[in-house]
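What follows is a single structure, written as structure tokens, with notes after it.
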Amino acid sequence: MKNNLTSNEAEEAAKGWFMAHKWVLLRRISQITILGLFLITPWFGIYWSDVWSGDELDENDAPIWIVKGNLASSLTLDVLPLTDPYVLLQSWVAGHLLETSILTGAIIVLVFYLLVGGRVYCSWVCPINMVTDVAASWREKLKITGGMQFSRATRYWILGISLVVAYVTGTIAWELINPVSMVYRGIIFGMGLAWGMVIAIFLFDLFISKRAWCSHLCPVGAFYSLLGNLSMLRIRATNRDQCDDCLDCLRICPEPQVIKPALKGAKKNIGPVILSPNCTNCGQCIDVCTKDVFNFGSRFNNKVKS
Amino acid sequence: MAEKRASRTLSRRRFLVETAVTASGASLFGMGLAFYAQQANALPAYVIRPPGALPETEFQAACIRCGLCVRDCPYETLRLSKLGEPVALGTPYFLARDIPCEMCEHLPCVQACPTGALEKSLTDIDQARMGLAVLTDQETCLNYLGLRCDVCYRVCPLIDEAITLEPQHNRRSGKHTKFIPIVHSEYCTGCGKCEHACVLEVSAIKVLPKQLVKGELGKHYRLGWKEQEQAGGSLIEGIIDLPDRLPESGL
């Protein structure tokens, strides 16, 4: 029994505030640091060559940016190219021949997310995640329920349709309206009306439909979840026999349907690893659980304890 | 048994209906997106793409909106379209009247482009064709009024090639010469320095999309004097003496 404490308070009492927010803090640090790397040169005038090359900067040295570009494609320290494979896929479908240089960048990103889990992009990189996380917690605090319901498959339909539209119109169609890149590009290159998009998504998730954007509609997340089918890094319900059925993890998880098989599957002979590619590896279940049921681990050794 | 089958039919029915709802919604959304994408293909005439940009329809498929060209532009000429601007979201462009292209020798923007939306085959900036300068208003152009402004001509990076001054008699004063700026499409890169420099409140010379302003002669058309130049002499020997047509009865 939890007396009158809310689950968050119980959690804090059990582990202390910091440990009860460990992963969310790390994710915010990751999201803000990655954004910061893009901004450190244009906002603060800090160049790699200034700081690290031994000799003074002279006229002949081209100043080297820390990270140049945005999430669609970037160049780190003038050597490491990274490209969003979904944008590149649309470009190819739209009829543009891909060059080797850009393919390299996309392959590096693909391999990375294949290892750590596709939707790590969503919870550790994407700026919209911060907006929708806040909307979800406000929705909870304000006890707003009901509203529109979308199938969780909608995002895959939108992903498919975005590629069809790219093919038919010969444009990178989704990038014309993609809030993720719009906001990211906006912060780095100038916002325009993109703040309106941030507010719209916030209000939509808060009042109209629970976790609508990230967990039901966004085709970028859908694309990255396809990569998650093979990812090595997974969350495991290792101590699932400790579960006291408080439901906190299901309440806080943006994709609660992924937890149940791993948490409650012991009797059905299902292993403790959360294998669903829709799991974003956000770690909120780890933070919230007073019984320390969950932890990060690999997808291997998924045997049911006898 | 029958009950079980009935519930299975019901859940199958529910699944099919739900799928149909999602599919129809997504398709409707897709149609909307397609129409919007078609609209976004239309570039306003006053907007100029960076040097080496593919034709607009191909550019829309090739440009991934990373902004690397913008970053490597030393003059902050290039910018990325923001939400609400009438240019396909996130794509690079410039406005000549604000900041024109300075025509860097090493084409940093083209070099920076990772996708080929700005064609790497462009290695000489003089071969860039971002648009074509047109003296759109002869009523306000100071040189047309008979003054010696000459600013567009002076700032042109390809002076005496892309813009020349052609003397013309000033009929108003009766004794002066007007120096009329003429743009030559063979050389004009569309950098926009003329439009930027024009001293009028609103520029009388503007860079516009080439296909919008350029005429085209019929393929059968031959210019006599050019044919003559090529052949090194008149193509027809001697003067043809056509019969004089006089009134028949010699009134």
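For A:Tyr156, the OH atom sits in a packed shell: over 12 heavy atoms of surrounding residues, nucleotides or ligands are nearer than 6.0 Å. Surrounding CG of B:Leu16 are more than 12 heavy atoms belonging to other residues, nucleotides or ligands, all under 6.0 Å away. Within 6.0 Å of NZ on A:Lys210 lie no more than 12 heavy atoms contributed by other residues, nucleotides or ligands. The neighbour count for A:Lys260 NZ, taken as heavy atoms of other residues, nucleotides or ligands under 6.0 Å away, does not exceed 12.
With a 4.5 angstrom heavy-atom cutoff, A:Thr83 touches chain B only via side-chain atoms. Both the backbone and the side chain of A:Glu175 come within contact range of chain B, each with at least one heavy atom under 4.5 Å from a heavy atom of that chain. Looking at B:Thr57, the atoms closer than 4.5 Å to chain A (heavy atoms on both sides) all sit in the backbone: N, CA, C or O. Looking at B:Ser27, the atoms closer than 4.5 Å to chain A (heavy atoms on both sides) sit in the backbone and in the side chain alike. For a residue to count as touching a neighbouring chain, one of its non-hydrogen atoms must lie under 4.5 Å from one of that chain's; by this rule B:Val70 touches chain A with the side chain only. In this structure, chain A has a heavy atom under 4.5 Å from the side chain of B:Ala40, while its backbone stays farther away. With a 4.5 Å cut-off on non-hydrogen atoms, A:Ile161 touches chain B through its side chain but not through its backbone. Looking at B:Cys63, only its backbone comes within 4.5 Å of chain A, counting heavy atoms on both sides.
A heavy-atom distance below 4.5 Å is found between the side chains of A:Pro42 and B:Arg71. Here the side chains of B:Ile64 and A:Ile102 are in contact, with some heavy-atom distance below 4.5 Å. Contact of the B:Gln60 side chain with the A:Ile172 side chain is not registered, since no non-hydrogen atoms from C-beta on lie closer than 4.5 Å. Looking at B:Leu80 and A:Arg185, their side chains come closer than 4.5 Å, going by heavy atoms from C-beta outward.
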TODO: Please lay out, stage by stage, how B:Asp72 and A:Lys68 fare under the test side-chain contact (heavy atoms from CB on, under 4.5 Å).
DONE: CA-CA 9 Å; B:Asp72 281 8; A:Lys68 204 192 278 187; 2.6 Å; yes
Task: Residue pair A:Ile177, B:Leu89: steps toward the side-chain contact (heavy atoms from CB on, under 4.5 Å) verdict - done: CA-CA 8 Å; A:Ile177 56 169; B:Leu89 183 64; over 6 Å; no
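Of the listed residues B:Gly90, B:Gly84, B:Gly25, the one with more heavy-atom pairs under 4.5 angstrom with chain A than any other is B:Gly90. Highest contact tally toward chain B, considering only A:Gly95, A:Gly170, A:Ser101, A:Ser151, is held by A:Gly170 [criterion: heavy-atom pairs under 4.5 Å]. Of the listed residues (A:Ser73, A:Ala173, A:Ser74, A:Gly160), the one with the most heavy-atom contacts under 4.5 Å to chain B is A:Ser73. Ranked by non-hydrogen atom pairs under 4.5 Å with chain A, the options B:Thr91, B:Leu68, B:Asn41 are led by B:Leu68. The residue among A:Phe150, A:Tyr184, A:Trp174, A:Trp92 with the most heavy atom pairs within less than 4.5 Å of chain B is A:Trp174.
Atoms CG and SG, from A:Leu75 and B:Cys66 in turn, are 9.5 Å apart once rounded to the nearest 0.5 Å. One finds the CG atom of A:Leu217 at 9.0 Å from the CZ atom of B:Phe29 (value rounded to the nearest 0.5 Å). Put simply, OG1 on B:Thr115 and CG on A:Leu97 are 11.5 Å apart, with the number rounded to the nearest 0.5 Å. For the atom pair CE of A:Met182 and NZ of B:Lys82, the computed distance is 14.0 Å after rounding to the nearest 0.5 Å.
Minimum interatomic distance between A:Ser91 and B:Ala61 (heavy atoms only, all atoms of both residues): OG-O, 2.7 Å.
The closest donor-acceptor contact from the side chain of A:His96 to the backbone of B:Ala117 lies at 3.5 Å or more, if one exists at all.
Checking each of A:Val165, A:Thr171, A:Leu176, A:Thr169 against B:Tyr36 for a side chain to side chain contact (heavy atoms under 4.5 Å, CB included) leaves exactly one that passes, namely A:Leu176.
Taking the ring centre of A:Phe189 as origin, the terminal cationic atom of B:Arg65 falls outside the region bounded by 6.0 Å and 45° from the ring axis.
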